[in-house]
There are 2 protein chains.
Amino acid sequence: MRGIAQQLGTGAASLYAHVSGKEELLELVFDELVGRVALPEPDPLTWREQLHRMAFDLRAILLSHRDVALAGLGRVPSSPKVLRAAEAVVAVMRAGGLSDRVLALGLEQFLLFIAASAFEDSLYDARMTADELAVYFQEVHDFYERLPADRFPVLASIAETMSGPDDVERFEFGMTALLAGFEAMSRSG
Amino acid sequence: MRGIAQQLGTGAASLYAHVSGKEELLELVFDELVGRVALPEPDPLTWREQLHRMAFDLRAILLSHRDVALAGLGRVPSSPKVLRAAEAVVAVMRAGGLSDRVLALGLEQFLLFIAASAFEDSLYDARMTADELAVYFQEVHDFYERLPADRFPVLASIAETMSGPDDVERFEFGMTALLAGFEAMSRSG
DNA sequence: ACCTGAACACCGTTCAAGT
DNA sequence: ACCTGAACACCGTTCAAGT
């Protein structure tokens with residue numbers, strides 16, 4: 001509040017003439033940021049790529065707005081630009097042949113996953129530079145590799161694979177898994 | 001800090017003799033809470049149920065500890081009880097025949113999803129009672145049902161399905177999707 | 001209706017001083 | 001080593017007073 005007011009060349013109290021409080025302001029910013037995501041024309045052939053692109057775009061935008069990413073959690077889409085984006089998401093899902101139940105429940109999980117990933121990654125970005133992050137992951141790798149094999153056999157055996165992928169690859173993995181799960185659940189009813 | 005110190009019958013400053021700060025304290029509490037989750041003996045037949053149960057248990061515990069749930073995001077498992085739990089999770093995944101790549105990347109997504117869901121649901125719990133929540137979801141349902149069908153045809157058509165399931169069913173849906181995705185990705189390499 | 005400065009009730013953390 | 005009270009630098013929000 002204070003920071004935003006300062007950027008506007010005024011005091012924090014002045015904001016309350018336009019906005020009920022911090023929560024409403026975050027919702028407005030969230031709406032604005034979601035509005036920047038390009039919405040595709042649903043295509044039954046490339047629907048997977050379309051969802052991936054929307055997810056990646058939103059994640060990239062939220063990455064530099066940690067508080068907004070957090071506000072994206074626990075919010076039912078109701079603001080105008082978020083609604084348009086939500087409609088685009090379920091439209092693409094339907095084009096992909098997903099069931100109505102998966103559309104209805106999957107929409108929320110889709111958004112939850114994007115916002116949570118963005119928040120998580122923004123924490124690392126805030127805490128350290130790219131170089132420090134590389135060092136940190138090297139330490140984590142060493143730590144896992146040296147875990148006592150009698151108590152942590154599985155963790156120790158996958159240490160190599162755990163520390164390899166960067167944040168983008170992790171995100172894409174999670175999103176791929178989620179979408180593959182949606183497909184599987186649509187087929188099984 | 002102040003609240004915890006008060007519960008201990010002392011001042012906030014005294015905590016800094018035992019803990020470096022809020023972050024470390026949250027990590028200790030997170031470790032303690034994760035330690036309460038029952039860890040099963042990996043079973044190739046019921047591995048899905050085993051993962052579901054661990055996930056649900058942890059979610060239930062984190063539900064009443066919002067700040068700790070948030071601290072669970074963006075943290076590489078390294079404290080003792082979290083490590084034991086992580087080993088159990090990947091051991092069950094391996095018993096289920098999931099690939100090493102899915103174990104390594106899936107572990108993080110599994111935890112991310114649980115913590116994010118718990119945080120999200122704890123927001124609703126904090127903001128309103130069960131009765132108010134029912135009213136709120138009824139309003140959301142009405143809102144979606146009345147969306148202009150020309151601009152939001154898909155959202156309007158799934159309004160009924162969107163407002164039905166409660167938070168537990170949503171969580172189970174998301175977890176089922178994630179695990180189904182892990183399976184699909186393990187098969188495809 | 002819109003803005004303002006000052007104050008209020010909170011944070012987490014630091015620090016000099018104690019035992 | 002452990003604890004303490006007071007202070008510091010922050011929050012978001014309220015409120016009486018201005019235009």
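Below, chains carry the letters A, B, ... as their sequence lines are ordered, and counting in each starts from 1.
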Does the B:Arg66 side chain pair with the main chain of B:Leu123, one donor and one acceptor, at a distance under 3.5 Å? no
Here the pair of heavy atoms bringing B:Ser186 nearest to B:Ser99 is OG-N, 3.0 Å
Mind calculating the distance between CD1 (A:Ile4) and P (D:dG12) to the nearest angstrom? 8 Å
Whole angstroms only, please: what is the CG-C1' distance between A:Leu8 and C:dC3? 13 Å
Watson-Crick or G-U counterpart of D:dA7, or none if no pair lies under 3.5 Å: C:dT13
Starting at CE of B:Met1 and ending at C1' of D:dA6, how long is that distance when rounded to a whole Å? 19 Å
Would you mind reading off the distance between B:Tyr16 atom OH and C:dC11 atom C1', rounded to a whole angstrom? 10 Å
Rounded to the nearest 0.5 Å, what separates atom CE in A:Met162 from atom CD1 in A:Ile158? 5.5 Å
Does C:dA1 have its OP1 or OP2 closer than 4.0 Å to a side-chain nitrogen or oxygen of A:His18? no
Separation of atom CG in A:Asp67 from atom P in D:dG12, rounded to whole Å: 9 Å
Minimum-distance nucleotide (side-chain atoms of B:Ala17 versus C:dG5, D:dC3, D:dG5): D:dC3
Using a strict cut-off of less than 4.0 Å between a Lys/Arg side-chain nitrogen and an Asp/Glu carboxylate oxygen, indicate whether A:Arg75 and A:Asp31 qualify as a salt bridge. no
Closest to side chain of A:Arg2, choosing from D:dC11, D:dA7, C:dC15: D:dC11
Between B:Ser14 and D:dT4, is there a contact of a side-chain N or O with OP1 or OP2 at under 4.0 Å? yes
Which of these nucleotides, C:dT4, D:dG12, D:dT4, is closest to any side-chain atom of A:Thr10? C:dT4
With the threshold set at 4.0 Å, does a side-chain nitrogen-carboxylate oxygen contact exist between A:Asp121 and A:Arg59? yes
Whole angstroms only, please: what is the CG-P distance between B:Leu15 and C:dT13? 10 Å
Mind calculating the distance between CD (A:Glu24) and P (D:dG12) to the nearest angstrom? 15 Å
Which nucleotide in C:dT4, D:dT4, D:dG12 has an atom nearest any side-chain atom of A:Lys22: D:dG12
Return the value, rounded to whole Å, for the distance between atom CD of B:Glu23 and atom C1' of C:dG12. 12 Å
Check every atom of D:dG12, C:dT14, D:dT14 against the side chain of A:Ala13 and return the nucleotide holding the closest atom. D:dT14
